[in-house]
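Remember, it's 1-based here, ligands and their atoms both numbered in the order they're listed. Everything quoted here is computed from the prediction, not taken from an experiment.
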Amino acid sequence: MNKIKELENKSKNLRKRIIDVCYKSKAGHVGGSLSGIDILNVLYNHEMNIDAKNPNMENRDRFILSKGHIAEALYVTLADKGFFDKKELDTFSSYQSRLIGHPNNKVPGIEMNTGSLGHGFSLAVGMAIGGKMGQKDFRVYVMMGDGEQAEGSIWEAAMAASHYQLDNLVAIIDRNGLQISGTTEEVMALDNLRFKYESFGFNVIEIDGNDIPSILSGFKLARKCKGKPTLLLAHTVKGKGVSFMENNASWHHGVMNEEQYQQAMDDLGGMCHE
Ligand SMILES: [Mg+2]
């Protein structure tokens, strides 16, 4: 099986796992998880230098999920990769589970507790500066939401990333056009994010964030850029893959009933049997 087909199949399975985890826990942020999962899949199964058996290896690439409310998308990706047992996913969001509703660094593979929006980007910038200072060759990746761009600290981080010429940093915006209470343009207009980030000194690459070949080529191009940080402006669909969730802000953190769960699984090609 070629790499693209393999990653596409993986995305489908990860989506089903997200639906399963959200349905059983009656928790999670399913819409944003489904928009961002293809990028997480490519990061963890192709792009990043990581080792599930040695999650703290010194020269590992770092990933920060700044839009931390889609923690379940990160947990299913890490479990699939072998950072912890998939069975533990059944404990998501339950009492005394370490798989809480935002990334928790007690979980192997998670660098930082995140989810207070606007903070993760600065953490990633600090890690990338640390890498440069220590003359390490690891890379740092951070995924933000588009609604999150309304946080002022995002722009402080962007300014610093450019000032320190962090070509070891790739920031990603999951540009699904929606946030909790409506479209980003209604709530706090973002207008043209390419121009904004370019004016802050970034190398901006626009991709289809739900298309594996487009994501692969975005990361490849980012590696070629020297002397400035890269932003992958990833155009995505909130709720991608589930008919009744796509482009619907009410699925930011909606809870599925049994019928909706069945429909979601049907849309994704059948029940999860892994
Ligand atoms: Mg969004």
Lys196 charged N/C atom sitting above Phe200 aromatic ring, 6.0 Å / 45°: no
Geometric cation-pi criterion Arg62 and Phe138, 6.0 Å radius, 45° cone: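 That pair qualifies as a cation-pi contact.
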salt_bridge(Asp20, Lys16) N-O dist < 4.0 Å: no
Backbone or side-chain N/O/S of Thr184 under 2.8 Å of the Mg ion (ligand 1): no
The Mg ion (ligand 1) reached by Leu178 (N, O or S, under 2.8 Å):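 So Leu178 counts as coordinating the Mg ion (ligand 1), yes.
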Aromatic ring proximity, centroids under 6.0 angstrom, Tyr197 and Trp155: yes
Atom name, Asp146 (N, O or S, nearest to the Mg ion (ligand 1)):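 Going by distance to the Mg ion (ligand 1), the closest N, O or S atom in Asp146 is OD1.
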